[in-house]
Peer 1: 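Provided herewith is a single structure, encoded as structure tokens, for subsequent inquiry.
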There are 2 protein chains.
Amino acid sequence: MKNEISKAERTRQLIIEKTAGIFNTKGYAGTSLSDLTDATGLTKGSIYGNFENKEEVALACFDYNLAKINTAVQQLISEAGSFTDKLLVYTRAYHSMTGIEFPEGGCPILNTAVDADDTNNLLKDRVAKAILAWKKRLIDLIKGGIEAGEFTADTHPEQLALSLIALIEGGIMIAKATNSPNSLNKVLKTVEFLIRHQKS
Amino acid sequence: MKNEISKAERTRQLIIEKTAGIFNTKGYAGTSLSDLTDATGLTKGSIYGNFENKEEVALACFDYNLAKINTAVQQLISEAGSFTDKLLVYTRAYHSMTGIEFPEGGCPILNTAVDADDTNNLLKDRVAKAILAWKKRLIDLIKGGIEAGEFTADTHPEQLALSLIALIEGGIMIAKATNSPNSLNKVLKTVEFLIRHQKS
DNA sequence: TCAATAAAATACCGATCGGTATATTTTAGT
DNA sequence: ACTAAAATATACCGATCGGTATTTTATTGA
């Protein structure tokens with residue numbers, strides 16, 4: 001019964017899967033080691049045998065949560081034909097937070113950005129990189145759309161990319177805080193408007 | 001030397017002023033009572049003599065931080081003439097987060113909305129009310145602009161109001177997380193575009 | 001000025017925090 | 001099946017957590 005992946009690797013994965021939602025919901029400071037042991041059924045000794053400290057677990061969980069969203073969205077984008085449709089994927093993916101499967105606790109970029117503002121530089125660096133990568137992917141799609149003649153030449157790629165991200169994340173914040181998924185959908189209508197408004 | 005306001009009231013105010021920035025920066029769970037005693041120079045006994053518990057201090061601090069922003073913005077809005085100019089106040093007030101004086105730690109609505117998602121229902125209720133009140137004020141300005149003939153009749157007040165809030169809060173999140181105040185300014189350009197685009 | 005009262009400091013509570021040294025159990029190669 | 005190594009559990013560490021009962025100090029009205 002020799003397995004490809006080691007026991008340690010399987011445990012690491014179990015810890016990440018069982019606790020990613022907790023960190024994303026309660027934040028770094030709000031998540032305790034007993035939260036981790038309760039969720040996994042493991043002991044502190046086991047967790048610290050697989051991770052150096054609590055921060056390393058949080059970092060792995062952030063990567064896990066982020067990848068979950070990114071792979072789902074990138075899949076939809078790869079299936080879309082035009083650059084316009086690729087950008088419009090976001091209005092579908094985030095619709096009522098049900099277009100793709102989200103991590104428990106919502107968007108890890110929003111949560112971690114606000115949570116790790118100070119106190120945790122490693123987490124802050126990672127969320128900054130995630131936002132910049134997202135921005136770059138959007139800019140590439142917008143520039144592609146300009147070159148393909150879908151968008152007018154006077155479209156501002158960076159401003160549009162940043163505005164789409166801000167609308168989505170701000171919309172998520174409003175929807176969660178006011179318990180109104182439909183508020184997010186209204187904001188996504190503006191996302192759609194901004195994308196379609198660049199039509200040449 | 002008899003004073004109008006009691007000693008207790010002055011101490012309460014001191015505690016709020018000295019700790020409002022800490023709660024707004026480190027979050028509720030991340031702020032400890034020793035943070036409060038360090039910042040105020042008071043002891044735990046004194047703080048608990050003026051507040052029932054840590055949560056009550058956090059609630060008072062949220063109100064304080066929120067009022068600071070709201071009064072400054074409302075002042076600028078009252079000085080503006082047209083409904084268009086009143087709405088455009090936001091692009092000035094939030095420009096590089098320097099148009100008005102912000103609480104230490106940034107926007108309390110964004111911070112508290114994400115921080116108090118779970119674990120703290122009183123804080124969550126308060127931030128929900130703050131967002132809904134903000135939305136209502138924006139809707140009133142937009143409807144006023146429609147009635148005054150500044151905006152076209154097919155403007156959607158709620159969608160526009162929610163989108164402006166989402167852009168501002170999302171823009172703040174991006175700017176802080178990536179250490180780039182200019183990203184917020186680019187997002188505010190879209191805020192301006194959306195407002196001016198409703199011109200009839 | 002002087003009590004009555006209010007406010008702040010001291011000293012303490014049990015619980016939990018993140019983390020670790022060590023012992024026990026499980027895995028995996030032979 | 002046996003053993004060396006890896007993984008997990010146990011038991012513990014000092015520090016800090018939020019909160020409180022009690023004592024000391026400061027305020028305030030007469």
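Note on naming: letters A, B, ... go to the chains in the order of the sequence lines (proteins, then strands), and numbering restarts at 1 for each one.
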Peer 1: Taking the six-membered ring for Trp, are B/F151 and B/H156 ring centroids under 6.0 Å apart?
Peer 2: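 Not close enough - the centres of the two rings lie 6.0 Å or further apart.
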Peer 1: Just how large is the angle between the end axes of the helix from C/dT1-D/dA30 to C/dT30-D/dA1, five pairs per end, to 10 degrees?
Peer 2: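 The value is 30°.
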Peer 1: Would you say the side-chain atoms of A/Q159 and B/T190 include a donor-acceptor pair closer than 3.5 Å?
Peer 2: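 Yes, because at least one side-chain N or O of A/Q159 sits under 3.5 Å from a partner of the opposite role on B/T190.
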Peer 1: State which residue, out of B/R137, B/K136, B/K143, fulfils the side-chain contact (heavy atoms from CB on, under 4.5 Å) condition with B/I139.
Peer 2: B/K143
Peer 1: For D/dA7, take OP1 and OP2 only and decide whether either is under 4.0 Å from a side-chain N or O of A/N50.
Peer 2: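 Result: no.
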Peer 1: Please confirm whether B/K54 makes a cation-pi placement over B/Y28, using NZ or CZ under 6.0 Å from the six-membered ring centre and within 45° of the ring normal.
Peer 2: yes
Peer 1: Return yes when atom NZ of B/K189 has more than 12 non-hydrogen atoms of other residues, nucleotides or ligands closer than 6.0 Å, and no otherwise.
Peer 2: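 No - once you tally the heavy atoms of other residues, nucleotides and ligands closer than 6.0 Å, there are 12 at most.
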Peer 1: Describe the nucleic acid contact of B/L42 in one word from base, sugar-phosphate, nothing, applying a heavy-atom distance below 4.0 Å.
Peer 2: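 Contact class for B/L42: sugar-phosphate only.
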Peer 1: Each nucleotide in nucleotides 14-24 of chain D should get exactly one letter: B, S or -. Can you fill that in based on protein heavy atoms under 4.0 Å?
Peer 2: ---SBBB----
Peer 1: Calculate the interatomic distance between B/R12 atom CZ and C/dA6 atom C1'; express it in whole Å.
Peer 2: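 Nearest whole value for this atom pair: 16 Å.
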Peer 1: Are more than 12 heavy atoms, taken from residues, nucleotides or ligands other than A/E52, located less than 6.0 Å from that residue's CD atom?
Peer 2: no
Peer 1: Dump the intermediate steps for side chain to side chain contact (heavy atoms under 4.5 Å, CB included) on B/T19 and B/D35, then the final yes or no.
Peer 2: CA-CA 8 Å; B/T19 64; B/D35 286 330; over 6 Å; no
Peer 1: Listed by chain and number, what are the side-chain contact (heavy atoms from CB on, under 4.5 Å) partners of A/E17, not counting sequence neighbours?
Peer 2: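 Counting only residues at least two positions away or on another chain, A/E17 forms a side-chain contact (heavy atoms from CB on, under 4.5 Å) with A/Q13, A/Y64.
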Peer 1: Just how far, in rounded Å, is P of D/dA9 from CG of A/L36?
Peer 2: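 Between P of D/dA9 and CG of A/L36: 14 Å.
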Peer 1: To the nearest Å, give me how far apart CD (B/Q13) and C1' (C/dA7) are.
Peer 2: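 That distance rounds to 17 Å.
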